[in-house]
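Structure first, commentary second.
Just so it is clear, the model here is predicted, and its values are computed rather than measured.
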Amino acid sequence: MKRISIKDFSNIKIGNAENVSAGTGCTVIISESGMCAGLDVRGGGPASRESELLKPLAQADAIHAVVLGGGSAFGLDAAGGVMQFLEERGIGFDVGVTKVPLVCQSDIFDLSVADSTVRPDKAMGYEACKNAYADNYQDGNYGAGVGATVGKLMGMDYCMKSGIGSYAVQVGELQLGAVVVVNSLGDIYDYQNGKIIAGMLAQDHKTFAGTEDVMFRSIEVHDNKFVGNTTIGAIITNGAFNKSQLCKIAGMAHNGYARSIRPVHTTADGDSIYALSVGKVEADLDMAGTLAAKVMSEAISQAVKSAKKAYGYPAYEDII
């Protein structure tokens, strides 16, 4: 197994666009020729678009783009710009009078970071596509990760800055990688040593409070639990998997969330993972799903370690 870049995949372009002052952005994953796709949603509050396309019984055999965005449900407008960009280039499902790009999207909640009135829109989605063709993707405070934060059980006063991260490997001819926007209620644990690397801070703002420890002190019901969360990501592979198999891979990739984020998949999260196939390499499904969990955990660590202090929230390098 060797590490590769998320940019090494054929038939895939990834681009970021953001409004830094407003603390929001979006990231687009484009496949001009189309990509088979599956989806697994585990969080209780997702903001999403065209998710029905990815159910095994739906007719669509391929989609043309996935958008990971900020702005909560407001940010779903970004997909319109992606559709415009792709239609202008003749990319999409041919319906005779035009080609309809099939674009799916999931968003994080970042409205409480800076300017809640600014969200990803059609113009930003279009810009992200232009940037994808300019190969501008990078980890950290970019794209959908610009407003990402973690450790928010007690609100924004004790959270830390996170971002977007990626990690990819190659085993024989099989390539498999992950892109993830880490914006969790819970703390982030290093995949290798099991230690907290980001999350809810203690009163001194220099050490970690431990979100699970705080939760376990009381069984009191919190009706107004802070809900500014959701971790969203995508597995990308050149493996030849169909829609049902990709839904399974996406589900197994959630094991990466569970290893690295605690707590995770709560009612206050909208945790979602796409799985995208852009190749024809024959590979074992269970091996690919197990590997998907590993690269997802690694990508989560990259998202935290690449993030920089912003909007008054400290980052990994400020605490560790």
- side chain to side chain contact (heavy atoms under 4.5 Å, CB included) filter on D115, not counting sequence neighbours, yields A22, T117, V118
- Item | Exam field: side chain K161 to backbone V146, donor-acceptor pair closer than 3.5 Å | yes
- Salt bridge R119-D121, side-chain N to carboxylate O under 4.0 Å: no
- Note on the structure: Sorted by chain and number, sequence neighbours left out, ring pair (Phe, Tyr, Trp, His ring centres under 6.0 Å) with Y316 holds for none
- Around atom NZ of K13, are there more than 12 heavy atoms of other residues, nucleotides or ligands at under 6.0 Å? yes
- Task: Please answer whether the main-chain N or O of Q84 pairs with a side-chain N or O of E87 as donor and acceptor at a distance below 3.5 Å.
- Result: no
- Task: Please name all residues satisfying side chain to side chain contact (heavy atoms under 4.5 Å, CB included) with C36, sequence neighbours left out, ordered by chain then number.
- Result: K243, L246, S277
- Query: Can you list every pair that meets salt bridge (charged side-chain N to carboxylate O under 4.0 Å, His left out) and has a residue in residues 203-214, with sequence neighbours left out?
  - Reply: none
- Message: Donor-acceptor pair, distance only, cut-off 3.5 Å: does the side chain of T230 make one with the backbone of G270?
- Response: yes
- Can you run down the side-chain hydrogen bond (donor to acceptor under 3.5 Å, both in side chains) pairs that involve residues 26-38, sequence neighbours left out, and say none if there aren't any? N16-T27, E32-Y133
- Message: Suppose the criterion is ring pair (Phe, Tyr, Trp, His ring centres under 6.0 Å): which pairs have a residue in residues 146-201, not counting sequence neighbours?
- Response: Y158-H205
- Message: Which residue is it: V180, T237, V169? I am looking for the one with a side chain to side chain contact (heavy atoms under 4.5 Å, CB included) to V295.
- Response: V169
- Task: Can you tell me which residue pairs pass the salt bridge (charged side-chain N to carboxylate O under 4.0 Å, His left out) test with a partner in residues 281-298, sequence neighbours excluded?
- Result: K294-E298
- Of all pairs that satisfy salt bridge (charged side-chain N to carboxylate O under 4.0 Å, His left out), the ones with a partner from residues 305-318, not counting sequence neighbours: D190-K305, K308-E317
- Message: Could you work out, with side chain to side chain contact (heavy atoms under 4.5 Å, CB included) as the rule, every residue matching K130, not counting sequence neighbours?
- Response: F85, Y126
- Task: Would you sort out whether Q138 and N136 count as a side-chain hydrogen bond (donor to acceptor under 3.5 Å, both in side chains), showing the intermediate values?
- Result: CA-CA 6 Å; Q138 56 184 313; N136 90 324; over 6 Å; no
- Message: Between E18 (side chain only) and G25 (backbone N and O only), is there a donor and an acceptor less than 3.5 Å apart?
- Response: no
- Main-chain N/O of T231 paired to N183 side chain as donor or acceptor, under 3.5 Å: no
- Query: Taking atom CZ of R259 and atom CD1 of I188, what is their separation to the nearest 0.5 Å?
  - Reply: 15.0 Å
- salt bridge (charged side-chain N to carboxylate O under 4.0 Å, His left out) contacts in which one or both residues fall within residues 88-105, not counting sequence neighbours: none
- Message: With no hydrogens and no angle check, just 3.5 Å: does a side-chain donor-acceptor pair link S21 and N19?
- Response: yes
- Item | Pair listing, side-chain hydrogen bond (donor to acceptor under 3.5 Å, both in side chains) test, anchored in residues 57-82, at least two apart | none
- Note on the structure: Sequence neighbours excluded, the answer for salt bridge (charged side-chain N to carboxylate O under 4.0 Å, His left out) partners of R262 is none
- Item | N229 side chain vs D269 backbone, donor-acceptor pair below 3.5 Å | no
- Query: Within the distance-only criterion (no hydrogens, no angle test), does the side chain of Q105 pair as donor or acceptor with the backbone N or O of A79 below 3.5 angstrom?
  - Reply: yes
- Message: For Y311, is the OH atom crowded, meaning more than 12 foreign heavy atoms sit under 6.0 Å from it?
- Response: yes
- Query: Okay, side chain of N238, backbone of Q175: is any donor-acceptor separation there less than 3.5 Å?
  - Reply: yes
- Task: For residues I29 and I236, determine if any side-chain heavy atom of one lies less than 4.5 Å from a side-chain heavy atom of the other.
- Result: yes
- Between the side chain of S297 and the main-chain N/O of G256, is any donor-acceptor distance below 3.5 Å? yes
